[in-house]
Amino acid sequence: MKTIIHLQNVEKQFADQVVIPPFSLEIIGGEFLTLLGPSGCGKTTLLRMIAGFEQPSSGEIFLDGKPIKDVPAYKRDMNLVFQHYALFPHMSVEDNILFGLKMKKVPSAEQKRRLDEVLTLTHLTELRKRKPAQLSGGQQQRVAIARAVINNPKVLLLDEPLGALDYQLRKNLQLELKNLQKNLGITFIYVTHDQEEAMSMSDRIAVMNRGVIEQLGTPQEIYLRPSSLFVAKFIGENNIFSQENSHLAVRPEKIKVYKKDANPELHQKTGEIVDVVFLGSLQKVFIRLDGSEETIVLAHENSEATHAWQAGERVGIGWALQDEVKLP
Amino acid sequence: MGGSRRSLFSVYSWVVMIFLYLPIVILMLYSFNDSRINAVWTGFTWKWYLSLFENRQVMDALSNSLVIAITSSIIATALGTLAALALHRFSDKWKAVMNGLIYLPIIIPEVLMGLSLLVLFSQIGFPLGKLTMIAAHVTFGISFVVVIVSARLSGMGDELQEAAQDLGATPWQTFRHITLPVIAPGIVASLLLTFTMSLDDFIISFFVAGPNSTTLPLYIYGLVKRGVSPEVNALSTLMIAVTILLLLISEIFRRKGMAKESNSQLPI
């Protein structure tokens, strides 16, 4: 458990506007860390500062204990996979992948050995002579990753690498990427706005909002114990109940729906069903609470439950005390 | 009703086309006319073309035109490309100002360009000749080069260059292996365009030409003073053919670059 990247009081301003207020972050060697947040939250800026394409306004970044703030991007021992891949259009797949080794004048025998290895790893052997324009989105994505990992970087930075692909392909590549990371043992810093993607791949997630890391933790911690209202709302579906000076968050799957006259002692609130949406294994039940017209509570109910909920039905809802999260 | 309107439009387009190209077509036709008089068609002949190639003055004018066009297009393309690269790095505020200044020569009346250059050369006492012609042609060529190469550069975006740096390429390696090859079609297109424009230029050349730097357009103008002969028609026809050919090639290069890019950059 060694720190590979250490950001110390790093701050970023654009034109005198603070985009990222000072913060510190330690990234552990070999982990899969995701920077998750809505667009404009500063996650890409943070990634680009680590890669060396943006200079922090103040603070220092350490790679393996050495300060790298003043090291230009081309001398940093890490690689970035760009959102739109940025493959070189005039070069074949092979030349794209070899670019890094050629620039560093690695001996050609070694180049060839590593090329074959990486081509096998990313299933690109048959496509090695093609030009990027002749590849599908998913294949281009593989080339972008191969081009980065062939350099054996200490850290691989990925900027929404799956953002431009369709849903099914994205699912498959998520698994591939996760396996690749395990096999290579390289630290991955992954930027995405897709919380499902973050949950399924990461060892740790840093949830960012308006330039601030709101919470840093494992997917379980983030989901089960959100530390702020923003995290509670941003990750997964959640029901937020306002109290005097605080909020209460309860996940839809933790909400129990009861018929109006059954188990009244477990009812915390009562209301009326406004809509029921069938989604296969579960159904989403939307309930308008009595006394507050705008509060709609969402509950996930098993589709195979004995009772089929109907819109217009009067119900009571309840949850266990350990399932509620108090938020400031 | 829709059909008749459509045919009306097509008739209209044809009328415009005829208006635009009929004079040129007639000029070309008469270059093959057996008669010295432009008004009557008497038969097909190549003889005006043959006599052109035996004409010493025409060959001198041709060689002047080629020397000036080749030299000025190379210099204009080199300087214009460097200017476009520099402009690309400017901050937004200055970029707008510099862009405006660079594009200005395109809209300034050519007469003014020619006159101002003439004044300049005579003020510094530089004798008019091939050198002043080349300098003048470079001056108006640069603007077009900057426009074309800038378009390629902004089309290519910053990501490719960042990707190259990220993979360990120094700024020079990035330029040599990525930027230059990607903008190459634009550079070739610029070269052909400035060559063509230099070959065709009359107004500015008229002001800054010296005694032994008569180019083809200037020579044709001189001939016309003595009446339009079939040789003039033949010479003009050749120039039109060469110009169209060069523009076509230039356009092919420009498009080739564009197509390549839109296919590979954004797989959306």
Side-chain angles (χ1 to χ4, degrees), chain A residues 15 47-48 50-54 72-91 93 95-106 130-141 143-144 146-151 153 156-157 159 163-166 169, chain B residues 81 85 88-96 148-149 151-190 252-268:
Chain A
L47 195 76
R48 288 173 60 84
I50 299 174
F53 295 121
E54 303 282 354
Y74 63 89
K75 284 186 189 157
R76 296 192 184 188
D77 197 3
M78 51 179 111
N79 287 109
L80 174 60
V81 177
F82 288 80
Q83 189 168 6
H84 300 297
Y85 321 135
L87 300 182
F88 306 131
H90 55 294
M91 294 181 191
V93 166
D95 290 336
N96 261 285
I97 297 175
L98 282 174
F99 188 80
L101 299 186
K102 280 185 180 156
M103 291 305 110
K104 282 169 225 139
K105 307 209 163 55
V106 172
R130 294 226 196 144
K131 286 276 174 70
Q134 298 165 300
L135 301 177
S136 71
Q139 291 164 341
Q140 293 189 29
Q141 215 277 336
V143 179
R147 187 175 71 173
V149 298
I150 196 170
N151 303 294
L156 189 65
L157 311 167
D159 186 7
L165 303 175
D166 62 55
L169 195 56
Chain B
T81 303
L85 286 166
H88 192 62
R89 289 166 166 249
F90 266 105
S91 67
D92 288 342
K93 194 172 72 182
W94 287 109
K95 202 181 243 174
I148 296 175
V149 177
R152 293 283 316 153
L153 275 172
S154 50
M156 127 181 222
D158 297 330
E159 265 204 345
L160 291 183
Q161 292 169 41
E162 285 183 353
Q165 285 179 38
D166 184 71
L167 293 164
T170 61
W172 167 249
Q173 284 174 320
T174 304
F175 177 73
R176 162 82 187 71
H177 296 287
I178 306 301
T179 314
L180 200 57
V182 174
I183 64 171
I187 296 177
V188 176
S190 302
I252 287 168
F253 267 97
R254 203 181 61 81
R255 291 200 185 181
K256 192 176 146 206
M258 295 288 177
K260 221 190 224 172
E261 171 165 317
S262 57
N263 278 345
S264 68
Q265 272 301 87
L266 298 176
I268 296 171

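All heavy atoms count here, side chains included; hydrogens, waters and symmetry mates do not. In what follows, every chain begins at residue 1, and chains take the letters A, B, ... in the order their sequences are listed.
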TODO: For B:A169 and A:Y74, work out which heavy atoms get closest and say how close.
DONE: O-CB, 3.2 Å
Open item on the list: Let's go through A:F88 and B:L167 carefully: what are the C-alpha distance in whole Å and the side-chain angles of both, what is the deciding distance for side-chain contact (heavy atoms from CB on, under 4.5 Å) to 0.1 Å, and is it a yes or a no?
Closed with: CA-CA 12 Å; A:F88 306 131; B:L167 293 164; 4.1 Å; yes
- [ ] Taking all non-hydrogen atoms of both residues into account, name the closest pair between A:M103 and B:G168 and its distance.
- [x] CB-O, 4.0 Å
TODO: Between chain B and each of A:Q134, A:K104, A:R147, A:M78, count heavy-atom pairs under 4.5 Å; write down the option with the most.
DONE: A:R147
Open item on the list: Quick check on B:A164 against chain A: is it the side chain, the backbone, both or neither that has a heavy atom closer than 4.5 Å?
Closed with: both
TODO: Give the minimum heavy-atom separation between A:P89 and B:L160, together with the two atoms involved.
DONE: CD-CD1, 3.7 Å
TODO: Measure the spacing between CD of B:E159 and OH of A:Y85 and express it to the nearest 0.5 Å.
DONE: 11.0 Å
Open item on the list: Is it the case that the side chain of B:H177 and the backbone of A:F99 share a donor-acceptor pair, with hydrogens and angles ignored and the cut-off at 3.5 Å?
Closed with: no
- [ ] Let me know which of A:N151, A:L80, A:V81, A:L157 forms a side-chain contact (heavy atoms from CB on, under 4.5 Å) with B:D166.
- [x] A:L80
